[in-house]
Amino acid sequence: MARDDKLKLGTFVYTFGFHPAAWLHPGSDVNGANDIAHLAKVAKISEAAKLDFMFFADSPAAAVGHPEALARQPTKMNRFEPITAITALSMVTERLGFVATASTSYYEPFNIARLYASADHISGGRMCWNVVTSDHDETGYNFNREGLDPHADRYARGEEFLDVVFGLWDSWEDDALLLDREAGLYHDKDKLHTLNHVGPHFRVRGPLNIARTPQGRPVIAQAGGSERGRELAARTAEVVFSLASDINKNKAFYADVKARMAKYGRNPSDLKIMPGIVINVGETRAEAEARAQEMVDVMHPEVGLLMLQEFLETDLHGADLDAPFPMERMPARAKGSVAMFEGVREFVEQGHTLRELITHYARAHTGNGLTGSYMEVADYMQEWFEAEAADGFILMCPTLPSSLEDFTRLVVPELRRRGLFREEYEGTTLRENLGLAFPVNRHAAAREAEAAE
């Protein structure tokens, strides 16, 4: 079914690429984790292709695990703090948006409101906050906690946190700045508002000490797939990052989340559902398969074992890699993606060895690694988009910048040929390019409603 809108596309960023052995790729910059020029190159490739944004995943802690594996896998061990990085990258780009992850568990709302508002001003309105509550024990140990707070507590704090940030971003009305030198008035005192929030988790007076941003407020991204996460997304999110596991499941997820928006007075077009997908692409399928296998071949088994352990949340060290998977160490239920967990269980029940499982999981550990020719990748994206299983995709490139260069060189022109992707940016802000409505300031709306009575 043809759609009136266009696909939205973002570049997912781990420093060297999504594959844990990406730093070994000859096309990567081995110094890239500490040299902003590497990420600037990725940003410029993304912007030249007219992609919507770069998406920075993050955790406020280094990874934990077997030292042999950690010594070979720098992705989570050495990386820039994302808000700092995206602010710097906005200076070498003009239209590309930036999504940075920050946890409601380890910030205060005022810090987040001020940081992202500042970055949004500096970038001219191209910032997005990916809201997370954190889901790894190691993060808590750096913030005066013994591991994670209970899930329900993290969500309750996160929901109130988001409401406080929204309130702070509404401190200044859009036309509050008078900048009237003749009268000596910098702002309109009646259009600057104190929040005075008092809740179960936060007491925040306000107002925010930076004016309303070019896009009203930064865009909000989330990734929650739970019942509570879906409800929060329907109420507050503008981009939802999901896993591309199955088209029918994603259609159901898409329809469910968007159907919830009406009760919050929101239009479904103001929420873009964008599954993350690992893409190995080539001129031909054989070429793409060879690229995918190349990365599996250079990955050390200990690194693959660490990935698998993190997903299953079970200890596999000491197990014989060339013997069948030790089923006594298989968890009873999924801790993360149910679809991927069932795929892993089915694979090991066929008698495959632990080493074979490591290879299998490395090839498809997002739930759906897509390997094929540029035509096959374009077919896949078109099918999901037209079936309303996705509004776009977040490209989890195995290696950066090489996999991204392959995608922009091969797939983007084919998507344009089919009329599925933009030729030029629609506007100057991320909100404009994503086709999202400009948010109404609550105080201005209340004044208009009062005047209309």
Under-4.0 Å salt bridge between Arg431 and Glu238: yes

Listed partners of Thr11 passing side chain to side chain donor-acceptor pair (under 3.5 Å), at least two apart: Ser46

Side chain to side chain donor-acceptor pair (under 3.5 Å) involving Tyr254 - partner list, sequence neighbours excluded: Lys258, Asp391

Residue pair Asn267 / Ser269, side-chain donor-acceptor N/O under 3.5 Å: yes

Mutual orientation of the aromatic rings belonging to Phe202 and Phe161 [parallel < 30°, tilted 30-60°, perpendicular > 60°]: perpendicular

Residue pairs passing the side chain to side chain donor-acceptor pair (under 3.5 Å) test where at least one lies in residues 116-125, sequence neighbours excluded: Asp120-Thr213, Asp120-Gln215

Check: Asn34 and Asn78 side chains under 4.5 Å, non-hydrogen atoms: yes

Flag for Thr314-Gln309: side-chain donor and acceptor within less than 3.5 Å: no

Inter- and intrachain pairs under side chain to side chain donor-acceptor pair (under 3.5 Å), touching residues 86-98, at least two apart: Thr93-Arg126

Salt bridge (charged side-chain N to carboxylate O under 4.0 Å, His left out) involving Lys41 - partner list, sequence neighbours excluded: none

Thr101: partners by side chain to side chain donor-acceptor pair (under 3.5 Å), with sequence neighbours left out: Asn130

Aromatic ring pairing Tyr14/Phe18, orientation class (parallel under 30°, perpendicular over 60°, tilted between): parallel

Parallel, tilted or perpendicular, as decided by the 30° and 60° cut-offs, for the rings of Tyr380 and Phe393: tilted

Contacts of type salt bridge (charged side-chain N to carboxylate O under 4.0 Å, His left out), residue Asp58, not counting sequence neighbours: Arg79

Parallel, tilted or perpendicular, as decided by the 30° and 60° cut-offs, for the rings of His38 and Phe16: tilted

Pairs flagged by side chain to side chain donor-acceptor pair (under 3.5 Å) wherever residues 444-453 is involved - sequence neighbours left out: Glu173-Arg447

Charged tip of Arg230 within 45° of Phe253 ring normal and under 6.0 Å: no

Counterpart residues, salt bridge (charged side-chain N to carboxylate O under 4.0 Å, His left out), relative to Glu414 (two or more places apart): Arg417, Arg418

Asp5 bridged to Arg422 by N-O distance under 4.0 Å: no

Salt bridge (charged side-chain N to carboxylate O under 4.0 Å, His left out) against Asp180, all qualifying residues, sequence neighbours excluded: none

With sequence neighbours excluded, residues passing side chain to side chain donor-acceptor pair (under 3.5 Å) with Glu424: Lys50

Selection residues 208-222 - residue pairs positive for salt bridge (Lys or Arg N to Asp or Glu O under 4.0 Å), sequence neighbours left out: Asp170-Arg212, Asp174-Arg212

